[in-house]
Amino acid sequence: MKKFKKIISIIMVAAVIASVCVVGTVSSSASGTGVGLAEWALNAYYSNWSYVYGGATPGAVDCSGLIYSYAGGYRVGDAQTFNSDWRYSLGSSIPNIHGLGLYQPGHVGVYVGNGMAVDARGDEYGVCYESVWSHGWTQYFKVPGVSYPDTGWVEFDGDYYYYEDGEYLADTTRTIDGETYYFASSGKSSSTPSSSSSSSSSSSESSDSSSSSESSGSLKKGSTGSLVEKLQQRLQELGYYNGIVDGDFGENTEKAFKLFQETAGLYVDGIAGSDADVLFADDAPSYKPASVEEDTAEAETEKEPELTAEKEDLAETGAIAEEPTEAPAMQYSVGDYSDDILKIQERLIALGYMDGTADGEFGSMTQTAVSGFQTANSLTATGIVDQATYDKLFSDDAVAAKKEEAPKTEEAEVKAAVTAEANTPAVANTSNAPAKTGTAPSTEVEKKTSEQSSKSVAAVTDNALFKRGDNATNFEFLLWLGIMIVVMLITFTIVYMVEKKKQKAARHARRYQ
């Protein structure tokens with residue numbers, strides 16, 4: 001009975017500990033704001049945080065850990081995505097919302113606005129900052145538990161943005177609390193707001209016609225106001241305008257802006273609409289008089305034949321080599337991350353060189369699998385996918401991995417012994433002596449039962465469901481819980497039957513004493 005209690009106690013303690021670990025992995029509370037999450041992600045990029053698989057602390061994170069280290073909540077990327085009640089497929093556009101989550105199979109990132117994203121990508125890359133459209137994201141979602149603004153001013157990365165109906169304004173103007181603001185295509189306000197009031201008003205509240213033209217998102221001849229003053233000042237800085245900065249979009253201002261549009265390669269209509277953000281950009285082209293440009297062009301034209309002739313002479317004598325025309329050779333190694341690597345991993349799994357699922361990240365497991373494939377296919381085992389390895393891998397004559405016969409386990413040997421014993425004819429008992437009441441048979445059964453229970457608990461504990469990773473889901477937790485319940489029920493049944501058998505044998509022995 002004591003042994004029975006010990007076994008049940010061990011199983012229950014293991015179940016409780018494992019439950020705390022798993023539940024903590026997927027269901028801790030979340031908090032924070034979308035703007036705060038976007039700033040957190042940008043800071044991770046600016047501060048050169050390291051990529052650490054399973055990491056979720058500032059300075060050392062994996063993809064889902066970048067979000068978790070700020071907001072808490074779900075620890076793994078799939079859970080962060082599929083537990084959101086606001087997620088959509090990413091098409092040709094993305095909402096103007098700071099701090100949205102981005103998802104592709106096996107990977108998550110953070111949208112930081114203006115078409116840019118931040119994600120913790122791998123050991124080789126660390127934390128990356130690049131266009132949303134260059135990395136194959138398939139969905140965007142609001143991170144569960146994180147709040148996102150609806151209407152009002154927010155400050156992000158030192159600039160001000162104004163939200164209306166859940167998205168920040170871009171490429172337009174608004175009159176807010178009596179002051180008119182211009183919002184570039186990136187969403188940045190042209191000036192610091194005088195107040196952080198969340199109320200906004202349409203330009204119809206103004207009585208003059210010039211405000212109407214500004215609220216439509218463009219400035220043109222006849223417009224007046226502070227935005228026109230900023231426009232004139234910027235044109236003056238770049239050398240296109242030498243008139244008075246008076247806030248009146250007159251004929252001279254129109255000519256100056258048309259000249260800027262022509263120089264910048266924009267459509268020339270004299271209307272400052274969506275192209276105004278080009279004017280205020282840091283790399284906006286300055287005005288160069290035509291005479292200067294013509295002189296420069298003529299000088300370059302005169303030099304070009306001389307340089308060409310000189311280059312041809314050097315090429316003939318072998319002093320310079322011809323420019324290469326071939327693309328660089330293919331090469332994938334540890335730390336790389338791409339869709340091609342995803343296909344390579346899928347092929348290695350199909351040929352039996354690699355276990356698990358493909359994730360597009362060239363890690364140590366992929367390197368080992370590549371080395372094994374190269375060895376089996378008479379290639380130099382470098383662990384690096386070059387063009388020769390790639391061609392062989394996807395060829396029809398690629399040699400698959402040889403399947404080795406698994407060694408016979410202790411459990412299999414026990415089953416074989418039990419089967420052999422069952423098939424052996426029983427020897428009849430010719431004496432009238434009572435059955436032996438010793439404890440050896442019962443103790444042996446208890447011992448094997450205890451060993452099997454321990455192995456089952458250890459196997460479940462070592463299962464990948466207990467390990468934090470980006471592929472864990474709530475479904476896996478339920479599966480684990482079901483396995484634990486089954487193991488506990490089987491163990492309880494076996495121990496109960498053994499105890500019952502012992503008690504029966506004891507009663508039988510007392511009867512014949």
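- For the atom pair SG (C128) and CE (M116), the distance works out to 11.0 Å, reported to the nearest 0.5 Å.
- Side-chain atoms of T224 and D248 form no donor-acceptor pair, as typed in the model, at a separation below 3.5 Å.
- Checked against the 6.0 Å centroid threshold, H98 and Y148 do not count as a close aromatic pair.
- Residues Y53 and D123 are not in side-chain contact: their nearest non-hydrogen atoms beyond the backbone lie 4.5 Å or more apart.
- Atoms OG and CH2, from S92 and W133 in turn, are 6.5 Å apart once rounded to the nearest 0.5 Å.
- Taking the six-membered ring where the residue is Trp, the centroids of Y51 and W49 are separated by 6.0 Å or more.
- Although no hydrogens or angles enter the test, the distance criterion places no donor-acceptor pair under 3.5 Å between the side chain of Q236 and the main chain of V245.
- Between the side chain of S84 and the backbone N or O of K142, at least one donor-acceptor pair lies under 3.5 Å.
- From N83, atom CG reaches atom CG of D78 across 10.0 Å, with rounding to the nearest 0.5 Å.
- The two residues Y337 and D359 have their closest heavy-atom pair at OH-O, 3.7 Å.
- Side-chain contact between Q345 and M354: present, with at least one pair of heavy atoms (C-beta onward) separated by less than 4.5 Å.
- Here the CD1-CG distance, from I176 to L169, works out to 6.5 Å after rounding to the nearest 0.5 Å.
- At least one side-chain heavy atom of L348 sits less than 4.5 Å from a side-chain heavy atom of V370.
- Residue K230 holds its NZ atom at 4.5 Å from OG of S191, rounded to the nearest 0.5 Å.
- Taking all atoms of both residues into account, the shortest heavy-atom contact from G34 to V146 is N-CG1, 3.4 Å.
- Within a 6.0 Å radius of CG in D339, other residues, nucleotides and ligands contribute 12 heavy atoms or fewer.
- Shown here for V112 and A41, the closest heavy-atom pair between the two residues is CG1-CB, 4.4 Å.
- Side chain of S190 to backbone of Y182: a donor-acceptor contact under 3.5 angstrom is found.
- Classification of the Y70-W40 ring pair by plane angle, with boundaries at 30° and 60°, yields tilted.
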Check step by step if side-chain hydrogen bond (donor to acceptor under 3.5 Å, both in side chains) holds for T180 and T175.
CA-CA 4 Å; T180 303; T175 299; 3.0 Å; yes
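- Residue-environment remark: CD (E237) exceeds the threshold of 12 foreign heavy atoms within 6.0 Å.
- Between F373 and Y353, the ring planes lie perpendicular to each other; the angle is over 60°, past the 30° to 60° tilted range.
- Residue Q104 comes nearest to T138 through the heavy atom pair CA-OG1, 3.7 Å, listed as atom of the first residue, atom of the second, then distance.
- At distances below 3.5 Å, not a single donor-acceptor pair connects side-chain atoms of S47 with backbone N or O atoms of A44.
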Trace of the side chain to side chain contact (heavy atoms under 4.5 Å, CB included) decision for D119 with Y129
CA-CA 7 Å; D119 65 293; Y129 173 76; over 6 Å; no
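- Side-chain contact, T389 with D386: a donor N or O sits under 3.5 Å from an acceptor N or O.
- Between the Q261 side chain and the D269 main chain, a donor and an acceptor come within less than 3.5 Å of each other.
- No side-chain heavy atom of Q374 sits less than 4.5 Å from a side-chain heavy atom of T380.
- The closest side-chain heavy-atom distance from E164 to R174 is below 4.5 Å.
- Listed for the S338 side chain is a donor-acceptor partner under 3.5 Å among the backbone atoms of I341.
- Considering OH of Y140 and OH of Y111, their distance stands at 11.0 Å, rounded to 0.5 Å.
- Nearest approach of F260 to L279, heavy atoms of both residues: CZ-CA, 3.4 Å.
- Taking the charged nitrogens against the carboxylate oxygens, E229 and R234 have no contact shorter than 4.0 Å, which rules out a salt bridge.
- Panel note: side chain N377, backbone V399; a donor-acceptor pair is recorded below 3.5 Å.
- Using modelled atom types, no side-chain atom of Q331 and backbone atom of V385 make a donor-acceptor pair closer than 3.5 Å.
- With a 6.0 Å radius and a threshold of 12 heavy atoms from other residues, nucleotides or ligands, D397 has its CG atom above the threshold.
- Inspection of the Q387 and D391 side chains reveals an N or O donor paired with an N or O acceptor under 3.5 Å.
- Within the 4.5 Å cutoff, the side chain of I67 has heavy atoms near those of the V143 side chain.
- The shortest heavy-atom contact between T253 and Q232 is OG1-NE2, 3.0 Å.
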For side chain to side chain contact (heavy atoms under 4.5 Å, CB included), just list the numbers for V61 and V52, CA-CA rounded to whole Å, side-chain angles, deciding distance to a tenth of an Å, and then say yes or no.
CA-CA 5 Å; V61 294; V52 176; over 6 Å; no
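- Within 6.0 Å of the NZ atom in K188, the count of heavy atoms belonging to other residues, nucleotides or ligands does not exceed 12.
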Please lay out, stage by stage, how V334 and E124 fare under the test side chain to side chain contact (heavy atoms under 4.5 Å, CB included).
CA-CA 8 Å; V334 174; E124 183 73 15; over 6 Å; no
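- Between L102 and Q139, every side-chain heavy-atom pair lies at or beyond the 4.5 Å cut-off.
- Note: F183 and Y181 have tilted aromatic rings, judged against thresholds of 30 and 60 degrees for the angle between ring planes.
- Atom NZ of K255 has 12 or fewer heavy atoms from other residues, nucleotides or ligands within 6.0 Å.
- Ring pair F362/Y332: centre-to-centre distance not below 6.0 Å.
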Step by step, work out the ring-ring contact (aromatic ring centres under 6.0 Å, His included) result for F141 and F82.
CA-CA 9 Å; F141 62 94; F82 298 112; 8.5 Å; no
Is there a salt bridge (Lys or Arg N to Asp or Glu O under 4.0 Å) between D62 and R75 once you walk through the steps?
CA-CA 10 Å; D62 59 9; R75 172 62 186 88; 3.2 Å; yes
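- Using a 4.5 Å cut-off on side-chain heavy atoms (C-beta onward), L219 and L227 make contact.
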Output, in order, the C-alpha distance, side-chain angles, deciding distance and verdict of side chain to side chain contact (heavy atoms under 4.5 Å, CB included) for V127 and R121.
CA-CA 6 Å; V127 178; R121 190 165 304 173; over 6 Å; no
